[in-house]
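What follows is a short report on a single structure.
Just so it is clear, the structure is predicted and the values come from calculations on it, not from any experiment. In what follows, chains are A, B, ... by sequence order, proteins preceding strands, each numbered from 1.
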Amino acid sequence: MTTTARPKVSFRRRLLRLAETVTTPLLPADYLDLVAPLRAGAALRGRIVEVRPETPDAATVVIQPGRGWRGHLPGQYVRLGVDVDGVRQWRAYSLTSVPGGGDRLITITVKAIPDGKVSNHLVRRVRPGTIVQLDQAQGDFVLPAATPERVLFLTAGSGITPVMAMLRAGLPARADVVLVHSAPRRDDAIFGAELRALAATGALRLIERHTDTGGLLGVPELDELVPDHAERQTWACGPVGLLDAVERHWADRGVADRLHTERFRPTVISPGEGGAVTFTGAGVTVEADGATPILDAGENAGVLMPSGCRMGICFGCVVPLRQGAVRDLRNGDLTTAVPGDGVLIQTCVSAAAGTCDIEL
Amino acid sequence: MTAIQNKARNPIAHLTAEDIEIIGKELDAIRDRVIADRGERDARYIRKVIKTQRTLELSSRAVLLFSLFPPAWILGTAGLAVAKILDNMEIGHNVLHGQWDWMRDPKIHSTTWDWDHVSPAEQWKHSHNELHHRYTNVLGKDNDLGYGIMRVDEDQPWSKGHLGQPFYNLLNACFFEYGIAAYDLELGKNLKDGGHRSPEFRARARAVGRKIRRQVLKDYIAYPLLSGPSFLTTLAANFTANLIRNLWSHSVIMCGHFPSGVETFEKTSIEGETKGEWYLRQMLGSANISGSRLLHIMAGNLSHQIEHHLFPDLPSNRYGEIAPEVRALFDRYGLRYTTGSLPKQVASAWWKVIRLSFPNRRRKSLEPVAPAPLVSARA
Ligand SMILES: Cc1cc2nc3c(=O)[nH]c(=O)nc-3n(C[C@H](O)[C@H](O)[C@H](O)COP(=O)(O)OP(=O)(O)OC[C@H]3O[C@@H](n4cnc5c(N)ncnc54)[C@H](O)[C@@H]3O)c2cc1C
Ligand code: FES
């Protein structure tokens, strides 16, 4: 004779069910959020503790993450949801703090870009005390467990942020580290003073490029600046143009495997022709042009769109395309679906290329 | 009221097709202005109302744990009634309209919200947002005209059953949330034509059943049990709070389309309706309630029914702000902006329910009137 063990319902679970009976149609969490938004078990959020100016257009935002924060590796980024003019906007920011600091605070460093919605809000307007939405840290722009002997960091502008976290965490003393960093002017260099101080201790060789006077860094110049760069494990982060050139250069030398890049922005190529996008579940149809990601088009029409990095890397935005055609904004690839197909597409990097039905 | 097309004095006879188009453009402009300005202030408003509602509900329920003491009973019942009214009117109704979807906060979104009400949000959204707001006051199309059980227009045919409608209306007022659930299910129609046997209807009915069960479990079992010796008094308090909420929302909603001065429309008149004509129908088919800011909040700003029907998805806190502009537009085009105090409008609506429980006093006209188009002077 066999007996089937009844799945044991934990006491906690039972208590929760009881609590749900008295809070229906809301959840107990909806009430707890009023008093303890950062508690364990809550949707991950953070409270802004301080906003520290770094340069005239960049600031470090110090955040106390909720109890559910699982920590990060230097070089990883966090997705942050912040309400700008009452509308929730999600963006990714590299963490600039050292993991496991005693105060459990994390920092991101944001550069305000012209007309940038979120970056300007974070640098100039957000007030301490503000609650922001967070995701766990993610990203593979990190140093391997065994740090290589020779390292090159190639950064420009706000691209210094993930590298700063790595430098702050400290590289092994024997490592030979070179940092080539571009900024418009000396005063515009985010973390300029800290980097110079690090260089003074001999922890790294710092090559600063001030592009207002010295012009943009040409990748071939590296032959002279860092002659052995092709032999080094390299981490590069900066504007699209720089990264594209760096990737070509490393590929040409046949050492693409030694290059690690982090892009803050997808490369945008040929826009498609646009069309009417219908979100079948929400019953909403919008006209979207060939350059607008379906994610933006949906959000602007008030559809609750899942999203993540908004640049084609996290797949947090994937939904089925029931029928129609979309174009990948990064490479112009056309994806089509006939009724019954349900091709999964990333809405953040796909634009309508004709009429399409999205199941959402 | 009588369908506007059958009236001896058509209140829109003086408007040309261009007038109506311009009215539409002016209303579009008001809407665009609000949308361009919508932002942090509005977000703060709805979050504050939600926070107030939740705090009030929790504290009232806490007070009711001691409802054996009469002062606690009175305080708790009053607080809970207000909390339930806020939940249904200023929060639930408006969130479910998608008025706050633009914030992209998944917690305050029409697709995720549910309310303290026995009709599941999904079903209410269909019958209310998709049917009533589209076919506002069109005879035979808008079931809100008498909720399918009452005669509220001279042009609706009379039958003996209507004699009892003042009584049904009172009963509906007391158990309004159940009335709405039945209405959203189109229970009467489905029972009559056998639709109740379809799997689709049964799935919807089960959803309503689940919702009722949860609501009843909470109000009439869980909280009374938690109250221990105050079991019965808490049960009575919750019943009373639901009753007050039902009477209040029924009154407010009755004032939206039933008081005198509100126009109704023939089914044929909306064929090929332009945007301007749709606006015009909303303008004439709705009535406001005048009163204090508190009244408007408690009424879920449905006291600005005209503005709400013109722009169902604008944030409710904006209706009062645009009301003077909308009213000026009515005045400029010689249209009647129907409004009055709550007692006056409630009395007017009730009087209509009573009056129309009897057949029309005299035949309006012996020769048949062909339903005229909405705009008589089409250019
Ligand atoms: C993995 C990852 C890590 C990131 N880390 C950081 C960081 O540490 N610090 C930081 O400041 N930013 C970082 N970003 C960029 C950040 O997520 C935002 O894209 C940036 O702050 C601009 O957002 P916005 O709302 O201000 O601009 P939007 O209002 O979205 O855009 C305004 C205009 O700027 C253009 N634009 C958008 N993004 C960029 C960009 N990155 N560079 C140049 N132009 C742009 C748009 O096309 C548009 O024309 C990171 C992005 C990713 C994907
Ligand atoms: S949002 Fe990350 S892949 Fe689209």
Side-chain angles (χ1 to χ4, degrees), chain A residues 15 17-35 37 42-45 81-91 117-118 121 125-127 130-133 279-284 286 295-307 310 316-317 360, chain B residues 35-47 50-55 57-58 61 87 91-92 97-118 120-121 125-126 129-130 210-211 213-219 221-226 313 315:
Chain A
L15 208 64
R17 258 189 231 160
L18 195 69
E20 281 168 12
T21 321
V22 296
T23 58
T24 185
L26 301 181
L27 297 171
D30 293 324
Y31 290 101
L32 292 174
D33 283 351
L34 292 180
V35 286
L44 192 58
R45 303 187 183 88
V82 56
D83 292 347
V84 182
D85 293 333
V87 182
R88 183 142 316 158
Q89 307 281 355
W90 285 89
R91 296 290 185 274
K117 245 190 230 124
V118 174
H121 183 78
R125 283 180 41 212
V126 83
R127 292 275 156 265
T130 304
I131 296 286
V132 293
Q133 318 296 314
F279 300 92
T280 53
V284 172
V286 289
L295 176 58
D296 291 352
E299 283 184 344
N300 291 339
V303 181
L304 258 197
M305 307 283 299
S307 76
R310 312 184 75 93
C317 64
L360 199 70
Chain B
I35 288 189
D37 181 53
R38 200 171 56 178
E40 203 174 319
R41 169 167 74 97
D42 307 273
R44 238 192 343 258
Y45 171 79
I46 190 64
R47 294 216 167 88
I50 291 174
K51 189 169 179 180
T52 307
Q53 190 278 335
R54 289 184 184 170
T55 313
E57 171 161 2
L58 268 195
R61 296 222 187 243
D87 173 282
I91 305 173
H97 254 292
Q99 291 181 6
W100 303 99
D101 286 8
W102 58 274
M103 299 197 304
R104 296 188 203 156
D105 180 345
K107 298 239 172 215
I108 309 179
H109 197 275
S110 64
T111 56
T112 58
W113 195 264
D114 203 356
W115 54 351
D116 184 355
H117 196 287
V118 294
K125 276 191 292 188
H126 172 73
N129 295 357
E130 291 169 27
R210 271 196 304 275
K211 190 82 200 279
R213 215 159 39 239
R214 282 204 300 268
Q215 290 290 107
V216 166
L217 181 65
K218 166 178 72 166
D219 278 341
I221 299 177
Y223 276 107
L225 278 178
L226 284 175
D313 58 349

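Summarising the geometry of B/His109 relative to A/Val303, their closest heavy-atom pair is NE2-C, 4.4 Å, with the distance given to 0.1 Å. Taking both residues in full, the closest heavy atoms of B/Lys218 and A/Thr21 are given as CB-O, 3.4 Å, listed atom of the first, atom of the second, then distance. When all heavy atoms are compared, the tightest approach of B/Lys211 to B/Trp115 is NZ-O, 2.8 Å.
Between A/Pro25 and B/His117 there is no side-chain heavy-atom pair separated by less than 4.5 Å. Contact annotation: the side chain of B/Met103 approaches that of B/Ile46 to within less than 4.5 Å [non-hydrogen atoms, C-beta and beyond].
Using a 4.5 Å cut-off between heavy atoms, B/Ser110 does not touch chain A at all. In this structure, no portion of B/Arg61 lies under 4.5 Å from any heavy atom of chain A. Only the side chain of A/Leu26 comes within less than 4.5 Å of a heavy atom of chain B; its backbone N, CA, C and O stay farther away. Only the side chain of A/Asp33 comes within contact range of chain B, judged by heavy atoms closer than 4.5 Å. Looking at B/Leu226, the atoms closer than 4.5 Å to chain A (heavy atoms on both sides) all sit in the side chain, from C-beta outward.
The candidate from B/Asp87, B/Thr111, B/Leu58, B/Asp42 with the greatest count of non-hydrogen atom pairs under 4.5 Å with chain A is B/Leu58. Between chain A and the options B/Leu217, B/Asp105, B/Asp114, heavy-atom pairs under 4.5 Å are most frequent for B/Asp105.
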Check step by step if side-chain contact (heavy atoms from CB on, under 4.5 Å) holds for A/Arg91 and A/His121.
CA-CA 12 Å; A/Arg91 296 290 185 274; A/His121 183 78; over 6 Å; no
